[in-house]
Amino acid sequence: MNITIKSSRTVGGRIAAPPSKSMAHRAVLCAALANGTSHLHHLAFSKDISATLGAAGRLCARVTTGENDAVVEGLGRFLPVDAPVDCCESGSTLRFLIPLASLTGQEVTFTGRGRLMERPQSVYKTLYQQQGLRFEQGADRLTVEGALTPGEYELAGNVSSQFISGLLFALPLLLGNLLQQTYSLVDAVIVGRFLGINALASVGASTSVVFLILGFCNGCCGGFGIPVAQKFGARDYVTMRRLVFVSLKLSAVMSVAIALVTSLLCGDILRIMRTPDNIFPGAYAYLLITFIGVPCTFFYNLLACIIRALGDSRTPFWFLLFSTVLNIILDLFCILVLKWGVAGAGIATVVSQGLSAWLCYRYMMSRFEILRAQPGERRFNGRLARQLLGIGVPMGLQFSITAIGSIMLQSANNALGTACVAAFTAAMRIKMFFMCPLESLGIAMATYSGQNYGAGRPERVWQGVRASSLLMMVYWVFTFAVLMTASRTIARLFVDASETEILNDTALFLHVSVSFFPVLGLLCILRYTIQGVGYTNLAMLSGVSEMIARILVSLLAVPAFGYIAVCFGDSTAWIFADLFLIPAFAFVYRRGGGGGG
């Protein structure tokens, strides 16, 4: 067909642009996620817009419509989703809502009409599978379950902007983990600058043990929240209330038992960790207070998980922000005003966690009427307790096992004296900060490799590995220059300039670590690439390789060579992991058809 267009006489007048359906979808969802009431005017109603309004009303808002406008009242929480969410024939509605469903803490099923469910959703499918979440698409429905995690997300430039908008709606609500990580750096700076190297070493001497215990507690809490969310989604409120109160009773018993046992063994733990005598009293006081405060930490995390399970993902973040800010303020108050030293830092953490737990409980019981139980629903139930423990304990063990290698290395380092402990504590926090871009690069490769592997283009996975490796080397040159020239300056955030031994040891650790950042970068790229294409067990085994390496360094190298061996502990672990990952990647690549035969 040939079409010829010729100029004509001058055309004048006024043209009314039709309302944008694309913007209307986004406006409806922004209004639904915001607290309070929003008025949307000049809407051009269609089946698609009506589907998005209806879905918003099902998930998190009250919606009323007029002739060409709508009033959307955001509830600030997610409602129980007890039936499929109908997207009609709107692909836009479905693409916007899939990531938002991950915020509900429930299983969410979408249905549609026509051939809607036959449309590919490979972008989301890849993201969900990479993070071990449920994503099932059939001929007549699509079901998702599980929460996306914070991090760096990479999407191909040729995908619909609706995929990107959906993620942008969801991801800002998932920043709690990042906030928790920020505190540890600030806490170490406060202790090191105001109390000195012995105090910094006292806190750092037991970091891996604290991670082991609290990691187990946090994992259990996350596991306890899963059945609560399932019963909430099924609207089985009677069983849900029983699960909540059984989990509270279990947490009381478990947390008190953990606190009692660890407190009684506190001195033995520090001696096993070979804590130097001159920092032993401070390390003992800090660790003992931390162990005594386990119930506060346990309940704070459990209550936050329950609130999220009931569809409110925002309030736990605000309680976490409150806890973090209060912790910093109390740190300064207990250390500078009350002169409580290292014990003050521990007390500040326990008090802030305990107060946040109390506020969480008050909020939860006053906010959610469905939790107001009859006396019979508050009784302990052995069957439900076994169900909770069957999920929570394995998750707790999974969290704590990762600390084994670090405990061994820290124990070996503790035996070398206070200066080495303080240097190790400061250097580890600086190193973790500079490692973040490498971790983010790996996460980006997981998305990229999953998309291309799923599309049957494994050759692009190899291209991505090469491109990301080049970016990694560029970043390494920058980081190498910074840490080789400014390690001592950065370390002075933690200790005084007169502590030359600490500064020198910190700089040595950082110089060795940054020299092996290309090895670490390759580890991140290959591990996440392998995980992205679905071989999660191989990715996990690389972590086992790291653990074995750290144990060998701790038992063999540190006693023979001292602190310099500690400095090479992480880099040795990275080399061990790469020795496993390189052939593993070759296996995965060839199996996917990228080896050219």
Of all heavy-atom pairs between [X] and [Y], which one has the smallest distance, and what is that distance?
X	Y	result
V514	W476	O-NE1, 2.6 Å
I370	R241	O-NH1, 2.7 Å
C220	M254	SG-CE, 4.0 Å
F135	V144	CD1-CG1, 3.6 Å
D496	L503	O-CD1, 4.0 Å
G204	V421	C-CG1, 4.5 Å

Report yes if the side chains of [X] and [Y] come closer than 4.5 Å at any heavy-atom pair, otherwise no.
X	Y	result
M472	F517	no
I190	F194	yes
M435	C524	no
R193	L200	no
C420	D505	yes
Y284	T275	no
I335	W340	no
E546	W574	yes

When rounded to the nearest 0.5 angstrom, what is the spacing between NZ in K249 and CZ in R378? 7.5 Å
Report the relative orientation of the aromatic rings in [X] and [Y]; use parallel for angles under 30°, tilted for 30 to 60°, perpendicular for over 60°.
X	Y	value
Y128	Y124	perpendicular
F424	F509	perpendicular
Y363	F319	perpendicular

R274 side chain to N413 side chain, donor-acceptor N/O pair below 3.5 angstrom: no
Between Y300 and S323, does any side-chain donor sit less than 3.5 Å from a side-chain acceptor? no
Criterion side-chain contact (heavy atoms from CB on, under 4.5 Å) on D570 and L409, from CA distance to verdict: CA-CA 9 Å; D570 284 338; L409 188 60; 4.2 Å; yes
Verify the neighbour count for atom CZ of R492: are there more than 12 heavy atoms of other residues, nucleotides or ligands below 6.0 Å? no
Inspect the surroundings of CZ in R134 and state if more than 12 heavy atoms from other residues, nucleotides or ligands are less than 6.0 Å away. yes
Name of the residue among L302, T290, L214 meeting side-chain contact (heavy atoms from CB on, under 4.5 Å) with T297: L214
